[in-house]
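None of the values given here were measured: they were computed from a predicted structure. The figures here come from the full heavy-atom set of this structure, side chains too, leaving out hydrogens, waters and symmetry mates.
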Amino acid sequence: MSIILPLCLFLLMLIVAAAKDFPLSLMFRKALAICLNGFLINFLNIGLLIWITSKVKSSDRIRNTIRIISSYILAIGSNILLYQALAGTKYITAIIPEDMPFWRLHLHSIFTNTIVVITHSYIILLHAKTNAELENARLKFANTEAINQLLRQQIHPHFLFNALNTLKSLIRRHPDKAEDYLIHLSDFLRATITKSQKDIISLREELKLSTDFLEMQKMRVGNALKFSIQVKNDTLVNTWLPAFSLQPLLENAIKHNILTEEDPLYLNIIQEGEHLRVTNNIQLKHIPESSTGSGLTNLSERYKLLCGEDIQVENNGSLFSVKIKILQHAGSYHRG
């Protein structure tokens with residue numbers, strides 16, 4: 001950017017010469033001298049910046065002060081050296097009168113150096129701002145990953161505790177069902193272990209996990225639980241969900257509602273465009289089970305972290321539903 005200034009001055013002086021009928025050769029020499037001086041000052045400032053950055057171990061304010069003062073000394077010094085090198089030649093006498101005051105002789109160098117210093121300072125600030133934004137993005141990403149890992153870890157122990165309690169109950173009351181339940185449970189846990197390090201899994205895999213979970217629950221309560229999954233087959237291709245996003249919703253519905261053959265609990269997973277809606281009829285238990293209340297909160301936080309969109313919870317008194325977004329790609333982030 002600082003190189004553009006001498007070129008602009010060069011063209012400006014040629015235009016002025018043409019407009020004022022000044023000797024074109026004289027204006028050309030003056031413009032050329034300004035360009036050469038501008039290039040020299042620019043490269044001296046670049047070299048000075050590199051040297052100060054590598055050699056001066058002080059605060060940014062001190063280094064900037066040293067850089068600015070040194071740049072003006074170098075600008076005036078280079079102008080003096082250039083003038084001395086060309087002194088007595090036809091070139092210098094044609095463009096600089098012998099009686100020109102000292103301050104005026106170096107005025108254009110000071111002006112050019114000021115523009116160069118301002119330009120370099122702006123570039124330095126812009127570079128520092130970019131680095132700060134990149135560092136903030138890295139820290140935010142690391143924090144997001146840490147939080148996401150923590151939220152996932154809160155889900156699995158909660159399910160395992162409930163599953164083991166169910167198995168214990170079946171062993172005592174229905175030993176014949178306990179073995180089948182244990183087989184389903186082992187398959188389900190095997191899947192959770194293999195996918196425990198993933199932020200997201202395919203929609204097909206998530207629905208398979210949900211089906212296995214519901215089949216286990218149906219073995220426990222029989223016709224007191226009815227469920228359906230209404231998702232188009234073509235939606236199962238190249239679509240994704242946060243890992244274990246459906247199972248906590250299904251588990252919460254079973255946990256907080258009465259399940260009897262006379263009044264069964266209906267669980268439905270329904271596709272609505274680019275979203276899934278999980279619904280259940282409300283028939284709350286008279287004595288609520290203890291709960292940490294972390295299920296919906298965890299799912300909400302995971303969706304905010306992964307795609308910047310919150311889940312939608314609705315309760316009209318007779319039907320409870322949670323609407324979540326189907327992710328369209330398997331990248332780390334799904335915003336936009």
Worksheet entry | With Leu249, the side chain to side chain contact (heavy atoms under 4.5 Å, CB included) member among Asn280, Leu267, Val278, Ile269 | Val278

Worksheet item: Is there a donor-acceptor pair under 3.5 Å between the side chain of Glu206 and the backbone N or O of Phe244?
Response: yes

Worksheet item: After noting the C-alpha distance and the side-chain angles of Thr239 and Ser202, does the key distance pass the side-chain contact (heavy atoms from CB on, under 4.5 Å) rule?
Response: CA-CA 6 Å; Thr239 50; Ser202 70; over 6 Å; no

Worksheet entry | Within 6.0 angstrom of Asp234 CG, more than 12 heavy atoms from elsewhere | yes

Discussion item. Nearest 0.5 Å, please: how far is CD1 in Ile50 from CG in Asn45?
Written reply: 11.0 Å

Worksheet entry | Donor-acceptor pair, side chain of Thr119 and main chain of Ile115, under 3.5 angstrom | yes

Worksheet item: Looking at Glu309 and Lys304, does any basic side-chain N land under 4.0 Å from a carboxylate oxygen?
Response: no

Worksheet entry | Side-chain donor-acceptor pair present, Asp180, His184, cut-off under 3.5 Å | no

Worksheet entry | Criterion side-chain contact (heavy atoms from CB on, under 4.5 Å) on Ser245 and Ile324, from CA distance to verdict | CA-CA 9 Å; Ser245 54; Ile324 62 176; 4.2 Å; yes

Worksheet item: If you look at every heavy atom in Gly273 and Ile326, which pair is closest and at what distance?
Response: O-CD1, 4.3 Å

Discussion item. What verdict does the side-chain contact (heavy atoms from CB on, under 4.5 Å) test give for Leu276 and Glu272, after you've listed the backbone C-alpha separation in whole Å, the side-chain angles of each residue and the deciding distance to 0.1 Å?
Written reply: CA-CA 6 Å; Leu276 287 182; Glu272 296 182 355; over 6 Å; no

Discussion item. Between Pro242 and Leu327, is there a side-chain heavy-atom distance shorter than 4.5 Å?
Written reply: yes

Response to the item:
Scanning both residues in full, the closest heavy-atom pair of Thr53 with Lys57 reads O-NZ, 4.4 Å

Practice prompt. Could you tell me whether the side chain of Lys285 and the main chain of Lys255 form a donor-acceptor pair under 3.5 Å?
Written response: yes

Discussion item. Has Asn281 got a side-chain atom pairing as donor or acceptor with Tyr266's backbone, closer than 3.5 angstrom?
Written reply: yes

Discussion item. Main chain of Lys325, side chain of Tyr303: is a donor-acceptor contact present, judged purely on distance under 3.5 Å?
Written reply: yes

Response to the item:
Interatomic distance, CG@Leu182 vs NZ@Lys177, rounded to 0.5 Å, equals 15.5 Å

Discussion item. Using a 3.5 Å distance criterion without hydrogens, assess whether the side chain of Arg302 forms a donor-acceptor pair with backbone atoms of Ala243.
Written reply: yes

Fill in: Donor + acceptor pair across side chains of Glu133, Thr130 (<3.5 Å)
no

Worksheet item: When clusters are formed by joining ILVMFWY residues with side-chain heavy atoms under 4.5 Å apart, either directly or through shared neighbours, do Ile311 and Leu246 land in the same one?
Response: yes

Practice prompt. State, yes or no, whether a side-chain contact exists between Val322 and Gln312 at a heavy-atom distance under 4.5 Å.
Written response: no

Discussion item. With rounding to the nearest 0.5 angstrom, report the CD to CD1 distance, Gln230 to Ile270.
Written reply: 5.0 Å

Per-pair distances, 0.1 Å, donor-acceptor, side chain in residues 313-321, under 3.5 Å, sequence neighbours excluded:
| residue | atom | partner | partner atom | Å |
| --- | --- | --- | --- | --- |
| Asn315 | OD1 | Gly317 | N | 2.9 |
| Asn316 | OD1 | Ser318 | N | 3.0 |
| Asn316 | OD1 | Ser318 | OG | 3.2 |
| Asn316 | OD1 | Leu319 | N | 2.6 |
| Ser321 | OG | Arg277 | NH1 | 3.0 |

Discussion item. Starting from Ile66, can I reach Leu125 by hopping between I/L/V/M/F/W/Y residues whose side chains sit under 4.5 Å apart?
Written reply: no

Item to complete: Tell me whether Ile110 is reachable from Val117 by hopping between hydrophobic residues (I, L, V, M, F, W, Y) whose side-chain heavy atoms are closer than 4.5 Å.
Response: yes

Practice prompt. Report yes or no: do Thr114 and Tyr72 form a side-chain donor-acceptor pair below 3.5 Å?
Written response: yes

Worksheet item: If you count the non-hydrogen atoms of other residues, nucleotides and ligands that lie under 6.0 Å from CG in Asn238, is the total more than 12?
Response: no

Discussion item. Within the supplied structure, the quantity of interest is the number of heavy atoms (other residues, nucleotides, ligands) at a distance under 6.0 Å from Lys323 NZ; does it exceed 12?
Written reply: yes

Worksheet item: Side chains of Asp263 and Ile258: does their closest heavy-atom pair fall under 4.5 Å?
Response: no

Discussion item. So does Leu225 get a backbone contact from the side chain of Lys218, meaning a donor-acceptor N/O pair under 3.5 Å?
Written reply: yes

Worksheet entry | Donor + acceptor pair across side chains of Arg67, Ser121 (<3.5 Å) | yes

Worksheet item: Judged by atom type as modelled, is there a donor-acceptor pair below 3.5 Å linking the side chain of Asn257 to the main-chain atoms of Gln283?
Response: yes

Practice prompt. Inspect the surroundings of CD in Glu179 and state if more than 12 heavy atoms from other residues, nucleotides or ligands are less than 6.0 Å away.
Written response: no

Worksheet entry | ILVMFWY network linking Ile52 to Leu49, side-chain heavy atoms under 4.5 angstrom | no

Worksheet item: Measuring from Ile171:CD1 to Tyr181:OH, what's the distance to the nearest 0.5 Å?
Response: 10.5 Å

Item to complete: Rounded to the nearest 0.5 Å, what's the gap from CG on Leu48 to CH2 on Trp51? Could you check?
Response: 8.0 Å

Worksheet entry | Test item: Phe188 and Glu215 side chains (from C-beta on) under 4.5 Å apart, heavy atoms | no

Worksheet entry | Pair Gln271, Thr235: side-chain N/O donor-acceptor within cut-off below 3.5 Å | yes

Item to complete: Determine whether Ile118 and Leu74 fall in the same hydrophobic cluster, where Ile, Leu, Val, Met, Phe, Trp and Tyr are linked whenever their side-chain heavy atoms lie under 4.5 Å apart.
Response: no

Discussion item. Between Phe213 and Leu250, is the side-chain contact (heavy atoms from CB on, under 4.5 Å) condition met? List the steps.
Written reply: CA-CA 9 Å; Phe213 172 78; Leu250 302 171; 3.8 Å; yes

Fill in: Main-chain N/O of Leu296 paired with Ser300 side-chain donor or acceptor, under 3.5 Å
no

Worksheet item: Can you tell me how far CG of Leu203 sits from OG of Ser210, rounded to the nearest 0.5 angstrom?
Response: 9.0 Å

